[in-house]
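This structure is a prediction, so every number in the text was calculated from the model and none was measured.
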Amino acid sequence: MQPWMYVVLLGLVLIVYARFLPKEQETASGKLNVVQEIEETIEHFAAEMDEQNQSLLDLFSKTKQDYEVELAKLANRLETLEKQKQELSQELTKVHVNEQVNAASIASINQAFGHQVAAAASPSLDPATAVEPTAAKEQVYSGLSMKSRYAELFSLHDQGKGVEAIAKKLGMNKGEVSLILQLSRQEERTRV
C-alpha cells in the first residue's frame, strides 16, 4: 500500500469518528436535559406538597381554635344550666315545704273549725236533738261540693257526654275534666 492510501484511510476513519462523536455528545446532553427536567419536576412537586401541608396545618390549627372556643361556650352554658337547676331545685324544695306547712295549717284549721261547730252545737242543744260532728261537716262542705262548683260539667256528664266533648264545650283540658270527675266520686264515697 502506498502512503497516500494510508492518509486516505486515516481521513475516512476520522470522518466516521467525527460523525459518531457529535451524536454521543447530543445523546449525553439529551440525557442531561431529561435528568434536569425530572429534577425540576420533583422540586416543583415537593414545593406543591409543602404548600398543601402548610395549608392543612393552618386548617387544623383554625379548627382546633374553633373547637376550643365552642368547648368554652358549652362549658359556660353547662355551668349556667347547673346553677339554674340548683336554684330551681332549692325553689321547688321551698315550695314543697310551704305546701306541707299550708296543708298542715289547713288541716289544723279544719280540725279546729270542726271542733268549734261540734262544741257550739252540742252544749246549746239537748242530747236528743244534738247534731253529730259528721252532720256539721256535711253542712260546712255542702256549699263547697264538686257538683255545685262545676254544675255545667256534671250536667253534661249526666247527659252522657264524654270527657273530650265536655272539655271541648267548656274550654278545659281533658285531664282537668277527668280529675274533677274523679274527685267528685271520691267526695261521694267519703260522704257515704
Side-chain angles (χ1 to χ4, degrees), residues 38-118 133-134 136-192:
I38 290 173
E39 286 177 355
E40 288 174 4
T41 305
I42 290 173
E43 287 176 10
H44 182 67
F45 179 71
E48 285 181 3
M49 290 297 289
D50 285 342
E51 289 175 12
Q52 287 178 355
N53 287 340
Q54 188 61 40
S55 65
L56 284 174
L57 287 174
D58 293 342
L59 178 66
F60 283 134
S61 64
K62 185 177 180 335
T63 304
K64 183 180 176 185
Q65 289 173 351
D66 291 346
Y67 171 75
E68 289 172 352
V69 167
E70 192 66 27
L71 186 64
K73 286 180 185 177
L74 289 175
N76 287 339
R77 181 149 187 224
L78 179 64
E79 186 177 320
T80 304
L81 289 173
E82 285 178 351
K83 285 180 183 177
Q84 286 178 350
K85 178 196 162 257
Q86 188 176 21
E87 290 170 0
L88 289 174
S89 177
Q90 290 173 351
E91 203 171 306
L92 183 62
T93 304
K94 288 178 184 176
V95 168
H96 184 65
V97 168
N98 287 340
E99 284 179 0
Q100 288 178 345
V101 168
N102 288 342
S105 63
I106 289 172
S108 65
I109 289 171
N110 284 341
Q111 187 178 13
F113 186 69
H115 289 305
Q116 288 176 352
V117 169
T134 55
K137 284 184 184 176
E138 284 181 17
Q139 290 174 355
V140 170
Y141 292 121
S142 65
L144 302 174
S145 73
M146 294 299 281
K147 287 194 175 188
S148 65
R149 278 192 257 162
Y150 299 100
E152 189 177 358
L153 184 142
F154 286 104
S155 103
L156 291 171
H157 185 261
D158 292 341
Q159 292 172 8
K161 303 280 185 189
V163 173
E164 286 186 33
I166 295 171
K168 195 179 277 187
K169 174 112 177 150
L170 298 178
M172 300 171 81
N173 292 330
K174 292 187 290 185
E176 189 177 5
V177 171
S178 297
L179 179 65
I180 291 169
L181 292 172
Q182 185 179 8
L183 288 174
S184 171
R185 282 186 225 115
Q186 286 179 346
E187 186 179 80
E188 288 174 5
R189 276 188 245 133
T190 57
R191 286 188 178 180
V192 172

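- Here the side chains of Leu81 and Arg77 are in contact, with some heavy-atom distance below 4.5 Å.
- By the salt bridge (Lys or Arg N to Asp or Glu O under 4.0 Å) test, Glu188 is found to be paired with Lys147, residues two or more places apart in sequence or in another chain being considered.
- With sequence neighbours excluded, the residues forming a side-chain contact (heavy atoms from CB on, under 4.5 Å) with Gln90 are Gln86, listed by chain and number.
- Once rounded to the nearest 0.5 Å, the distance linking CG of Leu71 with CG of Asn76 reads 10.0 Å.
- For Lys85, there are no side-chain contact (heavy atoms from CB on, under 4.5 Å) partners two or more places apart in sequence or in a different chain.
- Not a single side-chain hydrogen bond (donor to acceptor under 3.5 Å, both in side chains) links Asp50 to another residue, sequence neighbours left out.
- Partners of Lys83 under the salt bridge (Lys or Arg N to Asp or Glu O under 4.0 Å) rule, at least two apart in sequence or in another chain, are Glu79.
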Pairs of donor and acceptor atoms involving the side chains of residues 159-182, under 3.5 Å and at least two apart or interchain, shall be tabulated with distances.
| unit_1 | atom_1 | unit_2 | atom_2 | d |
| --- | --- | --- | --- | --- |
| Ser178 | OG | Lys174 | O | 3.1 |

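- To the nearest 0.5 angstrom, Lys94 atom NZ is 11.0 Å from Ser89 atom OG.
- Between the side chains of His44 and Glu40, no donor-acceptor pair of N or O atoms lies under 3.5 Å.
- Between Lys62 and Asp58 there is no salt bridge, since none of the side-chain N atoms of the basic residue sits less than 4.0 Å from a carboxylate O of the acidic one.
- For the pair Leu59/Thr63, a side-chain contact is recorded, criterion being any heavy-atom separation below 4.5 Å from C-beta on.
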